[in-house]
Amino acid sequence: MPAILLAACALPTPAERYQRWLGDGHHAAVEEYRRYLHAHGAGESAPMMQLLRSGRRWRLCGAPEFALPPKPAWPDTVRSLRLIAELRRAGLLDGAEITSGYRDEALNRCEGGSSRSRHMSGGAYDFDLATDAPTRELCAFWRRRGPASGFGLGFYDARHLHIDTTGFRTWGHDYSYRTSQCVPGTRLKHEANRPAAL
C-alpha cells in the first residue's frame, strides 16, 4: 500500500512535463520549428525536449520549463545547432544534455545571465556533460573551426559548458579569457570533480 501511495505522489518526469507543455497549445509551433531545423540541416543536433529547455532555475524563477525561440531567432539557432551536431559527430559532447537554450529577458536576469546574453537571441546553449569535458580536444576544435563558425566556448567548470556561434571567443569560470581552458597553462577551477560529501 505505501508503494502505491508513493507512486501516486511521484512528481512528473521531465518527459512527462514536456508532453504536458506540448499539449498546452505548443505542439503546432514546435512542429513548425522542427521542420525548419530539418530543412536547414540542424535537425539532428539534440532531442527537441532538450533544445527547448529554458534554464536551470526555471522553477525558482517562476518561468516555463520549456521555451520556443521566437521566429526571428531561428537562424541563430540553426548556426549553433549545426556546430553542436558537428561536435557530437566528433565525439566531443558524448552523453551531454542541454540544460538551457532560449531565455527571455526576465528568466535570463533571474538565471544571472549577462544583459547581452546570447541565450536571449536563441543561439546559445548550456550543457551538462556526462564526464569531464575533453578539454584538449574541445580547444583544438575551437581553434580549428572557431574563426569560421564564430564558435564561442565557455567553461563554467569541468562538466558545464556554454556554446554559441556569435563570435570566436572563449572564457572560463569568471567569464574572462584568462581563465578559459583553451589558454595554455590555465588550471580548471570547479567543484564537479570533488568527491561528494558522505
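- With hydrogens and angles ignored, the 3.5 Å screen pairs no side-chain donor or acceptor of S117 with any backbone N or O of S115.
- A distance of 13.0 Å separates CZ in R178 from OG1 in T170, rounded to the nearest 0.5 Å.
- Linking Ile, Leu, Val, Met, Phe, Trp and Tyr residues whenever their side-chain heavy atoms come within less than 4.5 Å places Y33 and I84 in a single cluster.
- Residues passing the side-chain hydrogen bond (donor to acceptor under 3.5 Å, both in side chains) test with R35, sequence neighbours excluded: none.
- Neither side chain, S80 nor D164, offers a donor N or O lying under 3.5 Å from an acceptor on the other.
- A salt bridge links E105 and R109; the closest N-O separation between the charged side-chain nitrogens and carboxylate oxygens is under 4.0 Å.
- Both W142 and L129 belong to a single network of hydrophobic side chains, linked directly or stepwise wherever heavy atoms of I, L, V, M, F, W or Y lie under 4.5 Å apart.
- Remark: side-chain polar atoms of H119 are paired, donor with acceptor, to backbone N or O of G101 under 3.5 angstrom.
- Here E31 contributes atom CD and L22 contributes atom CG; the two are 8.0 Å apart, rounded to the nearest 0.5 Å.
- Between A130 and G95 the shortest heavy-atom distance is CB-O, 3.7 Å.
- Using a 30° and 60° split on the angle between ring planes, W21 and F66 fall in the tilted class, from 30° to 60°.
- Residues W171 and M120 fall into different hydrophobic clusters, defined by Ile, Leu, Val, Met, Phe, Trp and Tyr side chains chained together at heavy-atom separations under 4.5 Å.
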Only distances under 3.5 Å count here; give the side-chain donor-acceptor pairs of residues 38-54 to other protein atoms, sequence neighbours excluded, each with its distance to 0.1 Å.
unit_1, atom_1, unit_2, atom_2, d
H40, ND1, Y36, O, 2.8
Q50, OE1, I98, N, 2.9
R53, NH1, E97, OE1, 3.1
R53, NH1, I98, O, 2.8
S54, OG, P64, O, 2.7
S54, OG, E65, O, 3.1

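- Residues T179 and H173 come closest through the heavy atom pair OG1-N, 3.5 Å.
- In this structure a side-chain-to-backbone donor-acceptor pair under 3.5 Å is present from R169 to G167.
- In this structure, the separation between CZ on F155 and CG on L161 is 6.0 Å, given to the nearest 0.5 Å.
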Run the side chain to side chain contact (heavy atoms under 4.5 Å, CB included) test on R17 and T13 for me, step by step, so that the C-alpha distance in whole Å, both residues' side-chain angles and the decisive distance to 0.1 Å come before the verdict.
CA-CA 6 Å; R17 294 193 302 268; T13 65; 5.7 Å; no

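- The two residues S121 and A73 have their closest heavy-atom pair at O-CB, 3.1 Å.
- Counting only heavy atoms from C-beta outward, the side chains of T165 and D76 never approach each other to under 4.5 Å.
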Step by step, would you call W74 with E32 a side chain to side chain contact (heavy atoms under 4.5 Å, CB included)?
CA-CA 11 Å; W74 289 8; E32 183 182 3; 4.0 Å; yes

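- Pairs engaging residues 101-169 under the disulfide bond (SG atoms under 2.5 Å apart) rule: C61-C110, C139-C182 [sequence neighbours left out].
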Checking side chain to side chain contact (heavy atoms under 4.5 Å, CB included) for the pair Y125/Y102: CA distance, chi angles, key distance, verdict?
CA-CA 8 Å; Y125 297 89; Y102 171 73; over 6 Å; no

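- The two residues L153 and L138 have their closest heavy-atom pair at CD2-O, 4.2 Å.
- In this structure the side chain of F141 reaches within 4.5 angstrom of the side chain of L83, judged on heavy atoms.
- A salt bridge is defined here as a Lys NZ or Arg NE, NH1 or NH2 lying under 4.0 Å from an Asp or Glu carboxylate O, and R159 with D132 meets this definition.
- When each of R56, R103, R118 is paired with D126, the salt bridge (charged side-chain N to carboxylate O under 4.0 Å, His left out) condition holds for R103 and for no other.
- Within a 6.0 Å sphere centred on CZ of R143, heavy atoms belonging to other residues, nucleotides or ligands number more than 12.
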Stepwise side chain to side chain contact (heavy atoms under 4.5 Å, CB included) test for L93 and F127:
CA-CA 9 Å; L93 293 176; F127 288 82; 4.1 Å; yes

